[in-house]
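Chain identifiers are assigned alphabetically (A, B, ...) following the order of the sequence lines, protein sequences preceding nucleic acid strands; residue numbering begins at 1 within each chain. Note that this is a predicted model, so its numbers are computed, not measured.
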Amino acid sequence: MSIALSEQEIIRRESLQQLRALGINPYPAEAFDVNAWAQDITDNFAIKPEAYQNVVIAGRIMTRRIMGSASFAELQDSTGRIQIYLKRDDICPDEDKTLYNTVFKKLLDIGDYIGIKGYVFLTQTGEISVHVRDLIVLSKSLKPLPVVKREDDGTIHDGFTDPELRYRQRYVDLTVNPAYKQIFINRSKVISSMRNYFNNQGWMEVETPILQPVHGGAAARPFATHHNTLDMPLFLRIANELYLKRLIVAGFDGVYEFGKMFRNEGMDRTHNPEFTAMEIYVAYKDYIWMMAMVEECLETVAKAVHGIPVVQVGSNEINFAGPYEKLSMYDSILKYTGIDVSAMDEAGLREVCAELKIDVNPTMGKGKLIDEIFSAKVEHNLIQPTYITDYPIEMTPLAKKHRTKDGLVERFELFVNGKEIANAYSELNDPIDQRERLEEQLILAGRGDDEAMAMDDDFLRALEYGMPPTSGLGIGIDRLVMLMTNQSTIQEVLFFPQMRPEKKAKVVTIEDFTNIGVPAEWVPVLNKMGFNTVEELKAANPNKVFNDLGGMRKKMKLDITMPTKEEVMAWFK
RNA sequence: GAUUCCGUAGCUCAGCUGGUAGAGCAUAACACUUUUAAUGUUGGGGUCCUGGGUUCGAAUCCCAGCGGGAUCACCA
């Protein structure tokens with residue numbers, strides 16, 4: 001990126017100046033109140049045409065078809081596009097035809113915001129259009145939008161599809177590819193319907209700290225930061241679980257939070273460094289109760305988005321109406337491999353892994369080995385919503401020990417379309433057991449496991465005061481939205497997914513060059529030659545620069561005085 | 001992290017075994033009163049990602065780097 005503007009950007013800036021010269025403010029301050037929208041007009045004009053005889057609409061010009069003293073354009077507002085029809089003598093009834101001939105035809109461009117007043121009619125080819133009586137410039141666009149052309153049959157030409165540009169410039173993406181807006185509208189529906197469901201049960205939405213002195217509640221590497229006044233390290237939360245449990249200790253029956261979590265780990269199509277989780281904790285409940293609640297909640301969400309509980313995801317039709325299949329971890333492995341691992345010791349599990357050709361390493365314990373078998377052989381089979389229950393205790397330090405089965409905890413994960421989307425426990429509320437389990441994590445950390453959970457003494461203190469039996473649930477909202485909107489990458493359901501930093505052009509002023517003696521009119525020429533900084537220029541061969549300047553002068557047909565060789569040599573002093 | 005493909009005009013993309021850089025749209029000018037991927041005529045617009053190498057000559061071949069996509073692995 002150089003500091004030079006493209007030809008089209010220069011032309012638009014000139015148009016901007018000409019608008020001002022005509023006394024037209026390209027960025028007026030006054031409100032422009034509309035009384036109609038594109039979607040509304042196209043849906044309802046045929047039913048009651050009399051209601052659309054004085055419409056005021058606003059939006060961006062997206063296409064223009066100029067035919068002498070009449071023109072068609074398409075205006076895009078937040079609801080869609082509608083064609084507008086302009087006739088010179090209608091918008092310029094007097095002698096002065098400037099508004100049409102100059103402003104509309106010359107000075108306005110694709111992407112500009114305009115407001116119009118007029119009446120709706122049907123063209124000869126039967127397209128609902130707005131016949132313009134008044135036109136006002138609302139905002140001039142200085143960068144050309146990519147022009148995506150659509151045929152009536154929906155064929156798209158010159159699509160704006162490069163994922164990098166789409167994600168970096170989401171504002172352009174959603175302008176020229178408005179169909180993607182529906183994903184975000186549905187995302188909003190997922191969250192609001194879930195929130196409504198919880199509120200209707202009487203549970204309370206809360207906010208807990210994002211900046212935490214101890215990062216607890218999950219196994220992940222955190223982002224670290226520092227508070228200056230307190231001169232202390234802080235972490236962006238990797239989970240909010242331990243704070244929500246403190247609120248159960250405090251005496252709330254049900255608390256939930258939608259919030260961003262931050263994990264300093266890899267990025268791919270299912271992981272973004274910051275993501276949205278919903279966690280809810282309800283007192284006096286257990287994980288069996290929670291399963292029924294999740295079924296009811298997700299059915300509500302699916303209906304809010306699609307009207308029915310069945311959602312098309314890829315080639316699968318997922319039915320979110322409960323009850324869901326329930327399988328214990330061991331039974332699921334039995335079902336999909338025919339092997340009963342429930343009574344096996346570590347050595348036996350290793351044999352099974354070898355038999356199933358699953359890669360393992362010597363550091364893996366019993367719980368990890370079982371998880372490997374599950375991931376390799378079971379997970380991808382779980383298409384319809386399925387609860388996997390009763391996990392080995394080793395990997396779950398915050399869940400209560402199973403009421404009847406030794407070595408297991410009361411936990412379930414919900415799998416849909418082969419992916420985990422929810423995780424729930426009967427929460428561990430025995431403070432002595434909890435302390436021991438966190439101490440085991442400390443040992444893991446000491447052995448170099450940088451994802452082991454940290455000790456949180458204040459959390460343990462809270463438990464020691466007494467937490468009622470509680471069931472807790474976490475749902476990955478981004479992944480749930482991916483399911484509900486049939487998207488295969490997390491980037492598509494985030495407005496602004498994390499990207500590598502853009503290579504940024506050094507901001508250079510003309511003064512930097514004139515300070516070393518370069519005449520101002522030659523600075524753009526140097527930029528054109530690739531010298532965007534004084535340092536780059538000084539690193540070049542002065543003789544070659546002098547020769548090239550002459551070449552550029554000829555090539556660009558510049559009518560400016562050529563500096564002498566001595567003057568050029570002086571730039572390099 | 002591995003494999004693989006890609007990087008050319010504002011946008012979407014061609015460009016063969018190496019020989020003066022192309023199209024459509026956008027843009028500029030002219031014409032045109034119901035078009036709709038409007039049309040017709042004429043013009044302008046390029047660091048062929050960056051840096052090396054091979055060559056008389058590189059967008060093209062080789063090496064390295066940067067950026068991106070896809071698949072896989074790791075990780076929640």
Is A:L145 touching bases, backbone alone, or none of the nucleic acid, heavy atoms closer than 4.0 Å? nothing
Reckon A:R12 has a side-chain N or O less than 4.0 Å from the OP1 or OP2 of B:A26? no
When rounded to whole Å, the CG to C1' distance for the pair A:L165 and B:C11 reads 10 Å
Counting only side-chain N and O atoms of A:R65, is one of them less than 4.0 Å from OP1 or OP2 of B:U35? no
Touch check for A:N423, heavy atoms < 4.0 angstrom, all strands: base, sugar-phosphate only, or nothing? nothing
Any base atoms under 4.0 Å from A:F121, or only sugar-phosphate, or nothing? Heavy atoms, all strands. base
OP1, OP2 of B:A38 versus side-chain N and O of A:K149: anything below 4.0 Å? yes
Can you confirm if the aromatic rings of A:Y287 and A:Y387 lie within a centre distance of less than 6.0 Å? no
Salt-bridged, A:R166 to A:E492, with N to O below 4.0 Å? yes
Looking at B:C30, I'd like to know if its phosphate oxygens (OP1 or OP2) sit under 4.0 Å from a side-chain N or O belonging to A:K106. yes
Take atom P in B:A73 and the same atom in B:A59, then report the distance between them in whole Å. 41 Å
Comparing A:Q83 and A:P146 on RNA chain B - which has the more 5′ nearest nucleotide: A:P146
If we take the P atom in both B:A64 and B:G24, what is their distance in whole Å? 39 Å
Kindly say whether A:M62 contributes a backbone atom to a donor-acceptor pair with the side chain of A:R81 at under 3.5 angstrom? no
Stacked cation flag A:R64 on A:F104, 6.0 angstrom / 45 deg: yes
Distance criterion of 3.5 Å, no angle test: do you see the side chain of A:D268 paired donor-to-acceptor with the base of B:C74? yes
